[in-house]
Amino acid sequence: MASQPSQLLGGMYTTRVLPVDISKIGDFTFSDDARPFLDDWSLQQGSDNSDYAKVQEAALLIRHSDVPVAFPTETVYGLGADATRSSAVQGIYRAKNRPSDNPLIVHISSLPQLRKLLREKSEDKSSDPIPQIYHPLIDHFWPGPLTILLPLPRPSPFAPEVTSTLQTVGVRMPSQKLALALIQMAGVPVAAPSANASGKPSPTTASHVKHDLDGRIELILDGGPCEVGVESTVVDGLSKPPLILRPGHISLEVLRQFPGWEDVQVGYSETRLDEAPKAPGMKYRHYSPRARVILVKGPPSEGVLASFEDTTKSVGIILTGTRVLSNGESCRHLRSEAACHQRGNMSVWTISIGPSIADIARGLFSALRELDDKRVDLILVEGIDENQGDAAAAVMNRLRKAAETEVLS
Ligand code: TXA
Ligand code: MG
């Protein structure tokens, strides 16, 4: 497949990056027995106004402009717009060149906000618009990296571009306080996909967003690197049995511990890319850096490296697993900066992103982008056992989508 440009062309704005210190935005206050952020909460401007003012500026853009604003969440950076205005939501698709049939997640900052939104145009004002099956998950995981599918109210309070032709809407309450403050100050639900150019790895720092969308948006709020590093788990509790539509930080094993979710099934397809796709269009790349990506079972061996020596000038390796030392002991790879050595005529850049699954999830997209910056032609990634829980299934899902093939080590 032809490689995509690492930056979109045709920017028309001067993109400003505003660093925000979350501890200086102001005071978050909750009433006595309120659950933090789930129930009503408020934010008072602190004595030092500058960080509050930056979030307020972004909130005003979301409220009034048709150019989306990039902001950090705990998973990845999002590209946000007022979910109730078509012209604003169209601005998201334009900025990141996203196919318009891919629906967007709506981000909210409290449950009262969500309930009001779901009820406001509906005739039924009394029953709970959030289906019972989601209550235990909301109590436990919100605010946090979980997206739930809700029946789309008729008439819908959301711009049709948010949900495409679907009868459901994906909703999540992020836990990053900067994101919560932004949504609350904007006073509207915020539709936000990941803030990358379509097809690229999701951004986990403000500089990743700037790299992809420079000139195409006006403002990036910089709240530092994202804690989780892979996108939210998307669940569908409306189907029987309930389904995971996208694996994320919250695993199948963990979801199964909640009432109503004991039998949750995998609802996404894991077509291996070296198998024939089951339907045309299933085999598309996503999360892809400029370089070719090959997923390797185990650390790439001498034999694998030798097979690329004649055709490849520069190769990147991302290590994730257990390494056996010369004294026979094994150790986990620790996170390291990219280091280079020569192998004949080939430069070999190596990055380790372990040791834990959480570290691997946090470092994966960043490592793919870092190796692109080194201009490597090929990236070999050591796969992990996707059945070990936590974000392991999410990591392998993103790697399969980024890779064009899988090989044995
Ligand atoms: O962690 C995240 O979820 C990030 C941050 C920014 O919140 N957002 C994110 O958005 O990853 P995006 O647009 O890159 O991915 C949204 C995913 C897509 O796979 C989309 O197909 C799915 O959610 N989705 C959204 N609404 C849906 C719906 N109504 N039915 C099925 N899938 C839906
Ligand atoms: Mg995305």
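Hydrogens, waters and symmetry mates are skipped; everything else that's a heavy atom, side chains included, is used. In listed order, ligands and their atoms are each counted from 1.
A salt bridge is defined here as a Lys NZ or Arg NE, NH1 or NH2 lying under 4.0 Å from an Asp or Glu carboxylate O, and Asp82 with Arg63 fails to meet this definition. The pair Glu74-Lys177 does not meet the salt-bridge criterion, since no charged nitrogen lies less than 4.0 angstrom from a carboxylate oxygen.
Of the polar atoms of Ser194, at least one N or O is found under 3.5 Å from an N or O of ligand 1, judged by distance alone.
For atom 7 (O) of ligand 1, the nearest non-hydrogen atom of the protein is His107 NE2, 2.6 Å. Protein heavy atom nearest atom 15 (O) of ligand 1, with residue, atom name and distance: Arg246 NH1, 3.1 Å. Considering only non-hydrogen protein atoms, atom 5 (C) of ligand 1 sits nearest to Thr75 OG1, 3.6 Å. Closest to atom 33 (C) of ligand 1, if we only count protein heavy atoms, is Pro103 CG, 3.7 Å. For atom 21 (O) of ligand 1, the nearest protein heavy atom (residue, atom name, distance) is Asn102 OD1, 2.9 Å. Scanning all protein heavy atoms for the shortest distance to atom 13 (O) of ligand 1 gives Arg98 NH2, 2.9 Å. Regarding atom 8 (N) of ligand 1, its nearest protein heavy-atom neighbour is Ala192 O, 3.8 Å. Given atom 3 (O) of ligand 1, the protein heavy atom at minimum distance is Ser232 OG, 2.6 Å.
Taking 4.0 Å as the cut-off, Thr168 counts as a neighbour of ligand 1 on heavy-atom distance.
Side chain to side chain, Asp124 and Ser126 meet the donor-acceptor criterion of an N or O pair below 3.5 Å. If you check the side chains of Ser23 and Asp21, you find a donor sitting under 3.5 Å from an acceptor. Side-chain atoms of Glu161 and Ser100 form no donor-acceptor pair, as typed in the model, at a separation below 3.5 Å. Side-chain N/O atoms of Thr312 and Asp377 include no donor and acceptor closer than 3.5 Å. At a cut-off of 3.5 Å, with distance as the only test, a side-chain donor of Thr75 or Arg172 sits close to an acceptor on the other residue. Side-chain atoms of Asp390 and Gln388 include no donor-acceptor pair closer than 3.5 Å.
Atom NZ of Lys240 has 12 or fewer heavy atoms from other residues, nucleotides or ligands within 6.0 Å.
Among the backbone and side-chain atoms of Asn196, no N/O/S atom is found under 2.8 Å from the Mg ion (ligand 2).
In the candidate list Val235, Val228, Leu238, Leu149, Leu149 is nearest to atom 30 (N) of ligand 1, counting heavy atoms.
Heavy-atom proximity to Glu231, at under 4.0 Å, picks out these atoms of ligand 1: 1 (O), 2 (C), 11 (O). Below 4.0 Å from some heavy atom of Leu166 lie the following atoms of ligand 1, by number and element: 28 (C), 29 (N), 30 (N).
Contacts between Lys96 and ligand 1 below 4.0 angstrom, taking non-hydrogen atoms only, are absent altogether.
In this structure, the side chain of Arg256 engages the main chain of Val264 through a donor-acceptor pair within 3.5 Å.
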